[in-house]
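Let me begin by presenting the structure, written as structure tokens, before commenting on it.
All residue numbers in this chain count up from 1 along the given sequence. Source: prediction; values computed, not measured.
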Amino acid sequence: MAWLPPLDVALRPILLPILLWQSIGVRRGALSLPEAAGQREGQSGTGPKLRLLIVGDSSAAGVGAQTQSEALSGQLVKTLSPEFSVTWRLIAKTGATCQSTLEMLEADRAVNGDAFDVAFIALGVNDAVRLRSKRVFLRRHQAVREVLRTRFGVGAIVVPGVPPLSDFPALTPLMRWVLGSHARRLDGALSQALSKEECIAFLPFDLPLTAEAMAQDGYHPNAESYAVLGERGGMGISALMRESEVDS
């Protein structure tokens, strides 16, 4: 039996002009929120030293929260601080894709020689919105991980799943269907790819993205959701570091 593409993929040639028109309307009407204010590096906690690098897009940059302490970086550090002396740094930008993040890391490494024990990578939404193929997405995500390992000294990596665009209140029903379907495929492919690697943890993105859990723009988490994501991410990092100690 011949392979048939998913319905949303088969209909893309017809739907793309409509999606483009709707995306322009969504952008024009969307509330533009800034990245969270505050320091993008610091030290907190007591215990064994843990050098943490947080990398990614607007969710890593904390769009939807007022300050970095309320955002993903601050909540990750808050969860880890009772167990570790955390030295952390954030490299993130609104709109970042795997490719642009790779370029940011390569440029940053040219002037900074820090090494890190663990990296937290928050990427995928902007690749999904651009309808990157699974092959391209996986190759570019792998390139990001490779740079982190070989040039930043990262020994362990934690990766949350691709958020479900099908649940984003800011998007139209058609956008939620097409982009959400594609985001699910990228998420599944990423989970499968990471399952074959060592010293890496994939955290399924299972936070309900209701209007109450989102920022005013309907596209980013709010401070309460960042607290949940930071706690889950911090627990994932902690578990991975303990596992690394046992294996060493």
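For N222 (side chain) and E212 (main-chain N/O), a donor-acceptor pair under 3.5 Å exists by modelled atom type. Of the possible polar contacts, none joining the D187 side chain to the P164 backbone as a donor-acceptor pair under 3.5 Å is found. Judged by distance alone, with hydrogens and angles left aside, the side-chain atoms of N126 form a donor-acceptor pair with the main-chain N or O of A96 at under 3.5 Å. Q68 places a side-chain N or O within donor-acceptor distance of the main-chain N or O of A61, the cut-off being under 3.5 Å. With hydrogens and angles ignored, the 3.5 Å screen pairs no side-chain donor or acceptor of S191 with any backbone N or O of G188. No donor-acceptor pair closer than 3.5 Å links the side chain of S238 to the backbone N or O of G234. Between the side chain of Q75 and the backbone N or O of L229 there is no donor-acceptor pair closer than 3.5 Å. In this structure, D217 contributes its side chain and S32 its backbone to no donor-acceptor pair below 3.5 Å. A donor-acceptor pair is defined here as one N or O able to donate and one able to accept, closer than 3.5 Å; no such pair exists between the side chain of R40 and the backbone of L90.
Placement of L16 and L11 within a single hydrophobic cluster is found when ILVMFWY residues are connected by side-chain heavy-atom separations under 4.5 Å, directly or transitively. Both L165 and L7 belong to a single network of hydrophobic side chains, linked directly or stepwise wherever heavy atoms of I, L, V, M, F, W or Y lie under 4.5 Å apart. The hydrophobic cluster containing V55 does not contain V63, counting ILVMFWY residues as joined when their side-chain heavy atoms lie under 4.5 angstrom apart, directly or transitively. Connection of V147 to V136 is not established within any shared hydrophobic cluster, with ILVMFWY side chains joined at heavy-atom distances below 4.5 Å, either directly or through further cluster members. M235 and L80 fall into different hydrophobic clusters, defined by Ile, Leu, Val, Met, Phe, Trp and Tyr side-chain heavy atoms under 4.5 Å apart, directly or through other members.
Counting heavy-atom neighbours within 6.0 Å of E197 CD, excluding the residue itself, gives a total above 12. Atom CD of Q43 has more than 12 heavy atoms from other residues, nucleotides or ligands within 6.0 Å.
In the model, R185 has no side-chain atom that pairs as donor or acceptor with a side-chain atom of S181 under 3.5 Å. Using modelled atom types, one finds no donor on one side chain facing an acceptor on the other under 3.5 Å when comparing H141 with R132.
Between H182 and the choices R130, R12, K134, the side-chain hydrogen bond (donor to acceptor under 3.5 Å, both in side chains) rule is met once, by R12.
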